[in-house]
Amino acid sequence: MAERPLRADARRNRDRLLEVAVRAFSTAGPDVALETIARAAGVGIGTLYRHFPTREAMVEAVYRGELDRLCDSVAPLLAAGAPDRALRVWMDDFVDYLATKRGMAEAVRMVINSGDGEFAHSLERLTDALTMLLDAGIRAGALRADVPVMDVLTCLNGVTLAAGGPGQREQAGRLLDLMMDGLRPRT
């Protein structure tokens, strides 16, 4: 049986809860009190639980929404400039996403390392987004064609592990520049 679409006010409440949860998880981590999120969203705790029956359901919804935003940014980045530049900007966004979404970092690591199961859709979204960027760079002659997408994704994950903490953004940028140098065609 198909789910009924949400009424406009229920959709607004759900969207507002997700918006507040993104900020809360970004600043306080995944253990922030759900009552705090409900209060900041201007709804009661019952409304929060109607939309997200568990903390995990809320974390997953936030994670998927943020991941969708990251992946959906590929086409506009490619339209705005050179594919290698679009890739570098997307890499920055990926690292910033993990660095600022402390509660989401472990979920993304599980996606990258799982390869199947409940995270298959998320892994597919990430690899599709990165493949679009790499393929555009290859077609433009700006990127090597012999680097598997999963190797690039694993390297990105490594950068966030090594330099994803507060105060390490400059180092993360240098590591991303090194990655880009490795992805450029050999002369």
Side-chain angles (χ1 to χ4, degrees), residues 1-77 89-133 150 153-154 156-169 172:
M1 215 163 87
E3 282 188 38
R4 288 188 330 193
L6 292 175
R7 294 184 331 255
D9 61 329
R11 189 174 48 255
R12 277 191 305 272
N13 286 341
R14 185 179 192 284
D15 292 346
R16 181 73 181 133
L17 283 163
L18 287 172
E19 178 185 321
V20 170
V22 167
R23 282 196 312 270
F25 293 153
S26 298
T27 57
D31 296 326
V32 65
L34 295 182
E35 291 81 6
T36 302
I37 292 172
R39 189 171 35 256
V43 300
I45 193 68
T47 299
L48 182 144
Y49 280 118
R50 269 192 300 283
H51 291 288
F52 308 103
T54 65
R55 174 181 299 280
E56 292 75 22
M58 176 168 268
V59 169
E60 180 183 349
V62 168
Y63 161 74
R64 285 186 189 273
E66 292 300 290
L67 182 68
D68 285 345
R69 266 191 272 290
L70 177 68
C71 293
D72 292 345
S73 72
V74 169
L77 287 171
V89 169
W90 191 84
M91 289 174 157
D92 275 328
D93 292 345
F94 182 92
V95 170
D96 288 343
Y97 163 67
L98 289 185
T100 60
K101 309 292 185 274
R102 292 181 299 174
M104 304 295 107
E106 186 56 33
V108 171
R109 285 186 193 97
M110 290 170 66
V111 165
I112 292 169
N113 293 323
S114 72
D116 61 4
E118 65 183 281
F119 295 110
H121 173 74
S122 297
L123 180 59
E124 183 179 337
R125 289 277 294 148
L126 277 173
T127 56
D128 287 352
L130 192 50
T131 298
M132 283 178 56
L133 289 160
M150 284 306 296
L153 194 54
T154 300
L156 280 169
N157 190 41
V159 168
T160 64
L161 287 172
Q168 292 182 295
R169 191 59 188 89

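Values below: all heavy atoms of this structure, side chains included; hydrogens, waters and symmetry mates excluded.
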Next item on the list: Could you tell me whether a side-chain N or O of Glu35 sits under 3.5 Å from a main-chain N or O of Ile45, the two making a donor and an acceptor?
Entry: no

Notebook entry, point to check: Run the side-chain contact (heavy atoms from CB on, under 4.5 Å) check on Thr160 and Phe94 step by step: do they pass?
Noted result: CA-CA 9 Å; Thr160 64; Phe94 182 92; 4.2 Å; yes

Check: Should Leu133 and Met91 be marked as a side-chain contact (heavy atoms from CB on, under 4.5 Å) after you check the CA-CA gap, both sets of side-chain angles, and the distance that decides it?
Finding: CA-CA 10 Å; Leu133 289 160; Met91 289 174 157; over 6 Å; no

Notebook entry, point to check: In Å, rounded to the nearest 0.5 Å, how long is the span from CD1 of Ile37 to CZ of Arg55?
Noted result: 7.0 Å

Check: Does the pair Asp92/Arg169 count as a salt bridge with the N-to-O cut at 4.0 Å?
Finding: yes

Margin query: Testing the basics here: between Val20 and Ala40, what is the closest heavy-atom pair and its distance to 0.1 Å?
Written below: CG1-CB, 3.6 Å

Item checked: Residues in salt bridge (Lys or Arg N to Asp or Glu O under 4.0 Å) contact with Asp15, at least two apart in sequence or another chain -> none

Check: How far does CE of Met58 sit from CG of Leu17, to the nearest 0.5 angstrom?
Finding: 5.0 Å

Item checked: Minimum heavy-atom distance between Trp90 and Val74, given as atom pair plus value -> NE1-CG2, 3.7 Å

Item checked: Closest contact, heavy atoms only, Ser73 versus Pro76 -> O-CD, 3.2 Å

Next item on the list: Check Leu153 against Thr127 and note the closest heavy-atom contact, atom names and distance.
Entry: CD2-CG2, 4.1 Å

Note to self: Measuring from atom CZ of Arg12 to atom CG of Asp9, what distance do you get when rounded to the nearest 0.5 angstrom?
What the structure shows: 5.5 Å

Notebook entry, point to check: Looking at side-chain heavy atoms only, is the closest gap between Arg7 and Asn13 below 4.5 Å?
Noted result: no

Notebook entry, point to check: Do Arg50 and Thr47 have side-chain atoms, one donor and one acceptor, less than 3.5 Å apart?
Noted result: yes

Next item on the list: For residues Ala61 and Leu18, report the shortest heavy-atom separation together with the two atoms involved.
Entry: CB-CD2, 3.7 Å

Next item on the list: Could you walk me through whether Val43 and Arg16 pass the side-chain contact (heavy atoms from CB on, under 4.5 Å) test, one step at a time?
Entry: CA-CA 9 Å; Val43 300; Arg16 181 73 181 133; 5.9 Å; no

Checklist line | Heavy-atom pair of closest approach, residues Leu67 and Ser122 | finding: CD2-CB, 3.6 Å

Check: Can you tell me how far CG of Leu161 sits from CG of Leu156, rounded to the nearest 0.5 angstrom?
Finding: 11.0 Å

Next item on the list: May I ask you to decide whether Glu19 forms a salt bridge with Arg23, counting only side-chain N to carboxylate O separations under 4.0 Å?
Entry: yes

Item checked: Interatomic spacing from CG in Leu126 to OG1 in Thr131 - rounded to 0.5 Å -> 10.0 Å

Next item on the list: Could you tell me the separation between the CZ atom of Arg11 and the NE2 atom of His51, rounded to the nearest 0.5 Å?
Entry: 11.0 Å

